[in-house]
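A short write-up of the structure that comes next.
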Amino acid sequence: MEELYALCARSYGAETAENIRTGFSSDRPVTFRANTLKTTVSEVLFALSGFELERVPWYEAAFVLRGEREAALQETALFREGKIYMQSLSSMLPPLYLEPKAGESILDMTAAPGGKTTQLLSLSGGKALVTACERDKIRFERLKFNLERQGASRVSAMRCDAAELDDFLSFDKILLDAPCTGTGTASPSNPIRFSQKYLEKCVRMQERLLKKALKLLKKGGMLVYSTCSVLKEENELLLARVLPEMKAGLVPIAPFEGIPTLPSREGTVAVMPTQLYEGFFVAKITK
Ligand code: SAM
């Protein structure tokens, strides 16, 4: 972790690096989303009336569980029936910025275990045409399980390397929730291993995937690029290199109410890791 903090200090300065370190120092509460493909927010509130829940100002379907651990929630019928889905608050952001609508063709390029795939479908009222790709065999099985359980079996799931997708495909919207170092997610119960070599490997893969995403995006379409990393190398520095080359540009977005942020390129949102939020990066792009 010391190597990671040193990199953060170089990118953000010592004070922000220290705040990042503090953000990793306690476990975050369990957070989840009502899966509106199968239920309503009112039904969730009623069924979980014995739990201490907190609402989230920027997303009606999101909840923070206080005073209980994940296991208690996993024993409920709501969970077993796929009516709620455990998901970090930060990771609920990319689908919200993509604003999926009924009838749109949407590609979720790196989809497993599928939290954002089902959220995309859910936000479109179950009416977007979602294609989800995943390369890893075991994670692909997990994706299919989650799609089934969340009532999203109309999503077309493909096990493939998304960077090799055929260029004749095209989509109105694309979510690239890229594989990354995961440096935003660190906590006492989730220590992460970081190395410069791993960072470079992630950046190479992110670049391949982002270039492919921009090829598959229809002219005037929208792409959301996200990572659960606090490192500029995987986020704004990658975009600064790839977007001009691919003749694409940022569509400015702003943080939703109450979201703690890290300094980042104007028009992008970098979430500061805190006791509630994982470190995350989101950018919206068009061409
Ligand atoms: N979007 C997911 C969610 O919200 O549940 C999380 C995605 S995770 C950050 C990145 C995923 O990309 C991993 O499951 C990884 O196996 C997959 N992946 C990595 N490289 C890939 C590639 N070239 N093509 C497709 N999937 C890939």
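Order of listing sets the numbers, starting from 1, for every ligand and every atom in it.
- Around atom CD of Glu200, more than 12 heavy atoms belonging to other residues, nucleotides or ligands sit under 6.0 Å away.
- Using modelled atom types, one finds a donor on one side chain and an acceptor on the other under 3.5 Å when comparing Asn235 with Thr227.
- Checked by atom type and distance alone, the side chain of Gln275 never pairs as donor or acceptor with a backbone atom of Ser26 at under 3.5 Å.
- In the hydrophobic clustering of ILVMFWY residues, with side-chain heavy atoms under 4.5 Å counting as a link, Leu89 and Val271 come out together.
- Residue contacts with ligand 1: Cys133 is placed with no nitrogen or oxygen under 3.5 Å of a nitrogen or oxygen of the ligand (distance criterion only).
- Polar contact with ligand 1: absent for Ala163 (N/O pair, distance under 3.5 Å).
- Each of the following atoms of ligand 1 lies closer than 4.0 Å to a heavy atom of Asp136: 16 (O).
- Every atom of ligand 1 is numbered from 1 in the order shown, and the set under 4.0 Å from a heavy atom of Ala178 is 9 (C).
- Within ligand 1, counting atoms from 1 as listed, the ones closer than 4.0 Å to a heavy atom of Gly114 are 3 (C), 5 (O).
- Ligand 1 places these atoms under 4.0 Å from at least one heavy atom of Met109: 25 (C).
- What sits closest to atom 4 (O) of ligand 1 on the protein, heavy atoms only, is Lys116 NZ, 2.8 Å.
- For Phe140 and Phe145, the distance between ring centers is not under 6.0 angstrom.
- Taking Ile, Leu, Val, Met, Phe, Trp and Tyr as hydrophobic and joining them when side-chain heavy atoms fall under 4.5 Å apart, one finds Phe32 in a cluster with Val30, Val41, Val44, Leu45, Leu48, Phe51, Leu53, Phe63, Leu65, Leu73, Leu78, Phe79, Ile84, Met86.
- Test Gln150, Glu43, Arg149 against Lys83 for side chain to side chain contact (heavy atoms under 4.5 Å, CB included) and you get one pass: Glu43.
- Near Ala162, meaning under 4.0 Å from one of its heavy atoms, ligand 1 places the atoms 22 (C), 23 (N), 24 (N), 25 (C).
- Interface of Cys160 with ligand 1, defined as ligand atoms under 4.0 Å from a residue heavy atom, comprises 24 (N), 25 (C).
- Of the candidates Ser88, Ala112, Cys202, the one placing a heavy atom closest to atom 8 (S) of ligand 1 is Ala112.
- Polar contact check, Arg135 against ligand 1: a nitrogen or oxygen pair lies under 3.5 Å apart.
- Looking at Gln87 against ligand 1, nothing comes within 4.0 Å, counting heavy atoms.
- Nearest protein heavy-atom contact of atom 19 (C) of ligand 1 is Pro179 CG, 3.5 Å.
- Ranking the protein heavy atoms by distance from atom 11 (C) of ligand 1 puts Glu134 OE1, 3.6 Å first.
- Among protein heavy atoms, the minimum distance from atom 27 (C) of ligand 1 is reached at Thr110 CG2, 3.6 Å.
- Lys38 places no side-chain N or O within donor-acceptor distance of the main-chain N or O of Gly82, the cut-off being under 3.5 Å.
- Considering only non-hydrogen protein atoms, atom 23 (N) of ligand 1 sits nearest to Asp161 OD1, 2.8 Å.
- Proximity to Arg139 (heavy-atom distance under 4.0 Å) selects the following atoms of ligand 1: 8 (S), 13 (C), 14 (O), 16 (O).
- Among all non-hydrogen protein atoms, the one lying nearest atom 1 (N) of ligand 1 is Asp177 OD2, 2.8 Å.
- With hydrophobic clusters built from ILVMFWY side chains whose heavy atoms lie under 4.5 angstrom apart, Ile259 does not share a cluster with Phe281.
- Neither the backbone nor the side chain of Cys228 comes within contact range of ligand 1; no heavy atom lies under 4.0 Å.
- Shortest non-hydrogen contact noted between Leu121 and Ala152 is CD2-CB, 3.6 Å.
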Check residues 212-220 and write down every donor-acceptor pair under 3.5 Å in which the side-chain atom is one partner and the other belongs to a residue at least two apart or another chain.
residue, atom, partner, partner atom, Å
Lys212, NZ, Leu165, O, 2.6
Lys212, NZ, Asp167, OD1, 2.6
Lys218, NZ, Asp172, OD1, 3.0

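- With hydrogens and angles left out, the side-chain atoms of Thr118 and Arg33 include a donor and acceptor closer than 3.5 Å.
- Counting the atoms of ligand 1 from 1 in the order shown, those under 4.0 Å from a heavy atom of Ala111 are 1 (N), 2 (C), 3 (C), 5 (O).
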